[in-house]
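I have placed the structure first, in the form of structure tokens, so that the comments after it can refer back to it.
Everything numeric in this text was worked out from a predicted model, so none of it was measured. Letters A, B, ... mirror the listed sequences (proteins, then strands); counts begin at 1.
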There are 2 protein chains.
Amino acid sequence: MQPIKIVPARERITATLRKAILAGEYQSGQELSLTQIASDLGVSRTPVREAFQTLAAEGFIDLRMNKGAIVKNIDEKFVTDHFEMRILLEGEAVYRATNRHYDVSKLLADCQYAADNPQKFSLQDYTALNQQIHTSIWKAADNQRLYELLKNFWNGPSVSDGNELTHHLISVQEHIKMLTLMKSGNAKEAREVMTDHIKRSMNNILQSFQDRKL
Amino acid sequence: MQPIKIVPARERITATLRKAILAGEYQSGQELSLTQIASDLGVSRTPVREAFQTLAAEGFIDLRMNKGAIVKNIDEKFVTDHFEMRILLEGEAVYRATNRHYDVSKLLADCQYAADNPQKFSLQDYTALNQQIHTSIWKAADNQRLYELLKNFWNGPSVSDGNELTHHLISVQEHIKMLTLMKSGNAKEAREVMTDHIKRSMNNILQSFQDRKL
DNA sequence: AAATTAAATATCGTATACAATATCCAATGT
DNA sequence: ACATTGGATATTGTATACGATATTTAATTT
């Protein structure tokens with residue numbers, strides 16, 4: 001029998017709040033009531049305060065002495081800023097991983113399999129594959145600080161426009177292109193493909209922002 | 001009479017612990033006892049726990065469920081990783097600020113004054129000037145996410161070899177060189193000077209690591 | 001009526017209390 | 001001697017308590 005993983009309340013709360021903020025469930029600049037959230041989630045204020053510290057360090061809320069927390073404005077500018085940084089950081093990771101001759105054959109084979117057998121892949125499968133490709137590259141870049149930054153930036157705005165499957169199908173093609181360039185040691189071009197890949201993600205999200213307004 | 005700024009305990013504790021970690025006062029991988037630290041600092045465990053959340057998000061400690069926190073290994077690799085990222089991020093900030101035609105004349109004048117009147121500048125003055133130059137550029141880059149990252153990265157390893165004044169004198173020259181390039185709109189070269197500037201900082205710190213071992 | 005003050009209320013920051021988990025150590029059995 | 005187990009001890013995670021700050025509301029003064 002395998003042990004069940006107990007997740008600390010603070011982590012659940014952090015994830016819940018982060019998700020809500022990124023989903024735009026709070027008005028920009030809205031005050032986050034510690035008491036309110038604690039009672040809403042059925043916990044005491046202590047773990048919520050801890051979650052606030054994390055979210056503040058991640059840049060999603062601001063803490064003001066004796067005046068509670070306020071949510072940052074998750075608007076188009078935020079999304080753009082966020083993804084421009086992801087482009088810089090993920091690009092750097094690809095560049096470094098390539099120059100360190102990271103062996104991408106396993107990832108490439110997985111992508112090829114996904115491309116050739118789309119009927120066997122669920123949304124979750126694609127998401128898992130996508131995440132594995134990115135995290136593998138982060139690690140291969142061999143810079144602890146870069147890895148941490150990318151891990152944090154992974155928690156960012158994401159698409160929810162109903163076309164996730166289509167996006168994933170395109171993603172697989174982009175990943176194949178990028179991994180092939182990595183395999184041949186072409187660091188600069190691999191980075192460019194990564195840049196375009198993330199830019200496309202960003203545009204999808206910006207598009208859903210536009211749509212929401214109409 | 002002007003109001004005294006009250007600093008929350010959690011922030012004092014965060015700063016204290018971060019400083020201690022970066023100064024190498026904890027063995028690598030050493031456990032941070034919540035109870036111990038709380039009693040050492042004369043506070044309860046609550047604000048210490050909050051500090052832990054922040055430090056974990058900043059990447060200086062790891063938190064393990066029910067097993068406390070352990071300090072990350074602040075060795076040469078960490079320093080190198082850290083500064084390579086600062087180079088990437090600060091370089092990007094300079095590049096962006098330049099292309100946005102940020103007006104550097106005020107900063108340049110201050111640097112010139114410092115260069116011409118070194119006798120009027122204390123260590124604190126230099127530190128303040130240094131920080132102002134960097135933060136100004138961060139803001140001028142006009143990317144909120146980048147700004148937050150740089151703010152965090154400012155809390156990193158620092159020199160303490162007794163030659164701080166000499167370092168600052170060199171820094172002023174480097175800043176003048178960089179700001180001049182920014183003024184003339186030469187983003188790429190300005191970035192290179194920033195890169196060299198931070199690399200020199202890094203090497204000083206790495207040097208003091210070497211010295212400590214001998 | 002407008003401005004100011006004072007009391008009541010709510011919320012925050014920190015300390016303490018309590019329950020759950022992990023660690024240590026001695027006693028037991030092989 | 002070595003491994004195992006059961007309980008004592010310590011430390012963590014979460015809840016609650018308490019004092020301080022901020023906010024709101026009502027009363028008072030001009």
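- Taking atom CD1 of I37(A) as the reference point, atom P of dA15(D) lies 15 Å away to the nearest angstrom.
- Here salt bridge (Lys or Arg N to Asp or Glu O under 4.0 Å) pairs that include residues 19-42 of chain A, with residues two or more places apart or in two chains, are E31(A)-R64(A).
- For R86(B), the salt bridge (charged side-chain N to carboxylate O under 4.0 Å, His left out) partners are E90(B), not counting sequence neighbours.
- Listed by chain and number, the residues in a side-chain contact (heavy atoms from CB on, under 4.5 Å) with S28(A) are N73(A) (sequence neighbours excluded).
- Qualifying salt bridge (charged side-chain N to carboxylate O under 4.0 Å, His left out) partners for E76(B), counting only residues two or more places apart in sequence or in other chains: K213(B).
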I need a per-nucleotide contact map over nucleotides 16-22 of chain D, read 5' to 3'. Cutoff is protein heavy atoms under 4.0 Å; write B for the base, S for backbone only, - otherwise.
BB---SS

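- Counting only residues at least two apart or on different chains, the salt bridge (Lys or Arg N to Asp or Glu O under 4.0 Å) pairs with a member in residues 141-162 of chain A are R100(A)-D142(A), D142(A)-K77(B), R145(A)-E148(A), E148(A)-K72(B).
- Residues of residues 48-56 of chain A having a heavy atom closer than 4.0 Å to DNA chain D: none are found.
- Residue pairs meeting the ring-ring contact (aromatic ring centres under 6.0 Å, His included) criterion with at least one member in residues 126-161 of chain B, sequence neighbours excluded: H82(B)-F153(B), F121(B)-Y126(B), Y126(B)-H168(B), H134(B)-W154(B), H134(B)-H175(B), H134(B)-H197(B), W138(B)-W154(B).
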Under 3.5 Å, sequence neighbours excluded: what are the donor-acceptor pairs made by side chains of residues 52-61 of chain B?
| from | atom 1 | to | atom 2 | distance (Å) |
| --- | --- | --- | --- | --- |
| Q53(B) | OE1 | T54(A) | OG1 | 3.3 |
| T54(B) | OG1 | Q53(A) | OE1 | 3.4 |
| T54(B) | OG1 | E50(B) | O | 3.4 |
| E58(B) | OE1 | R18(B) | NH1 | 2.6 |
| E58(B) | OE2 | R18(B) | NH1 | 2.7 |

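- For R200(A), the salt bridge (charged side-chain N to carboxylate O under 4.0 Å, His left out) criterion is met by E174(A), not counting sequence neighbours.
- Scanning DNA chain C 5' to 3' for nucleotides with an atom closer than 4.0 angstrom to a non-hydrogen atom of chain A gives a first and last hit of dC12(C) to dT14(C).
- With E164(B) as the partner, the side-chain contact (heavy atoms from CB on, under 4.5 Å) test is satisfied by one option alone out of T127(B), L169(B), L123(B): L123(B).
- We find that CD of Q36(B) is positioned 13 Å from P of dA10(D), with the value rounded to whole Å.
- One can place CG of L63(B) at 17 Å from P of dT11(D), the figure rounded to the nearest angstrom.
- Residues passing the side-chain hydrogen bond (donor to acceptor under 3.5 Å, both in side chains) test with D62(A), sequence neighbours excluded: none.
- Computed from coordinates, the R10(A) CZ to dT14(D) C1' distance equals 11 Å when rounded to whole Å.
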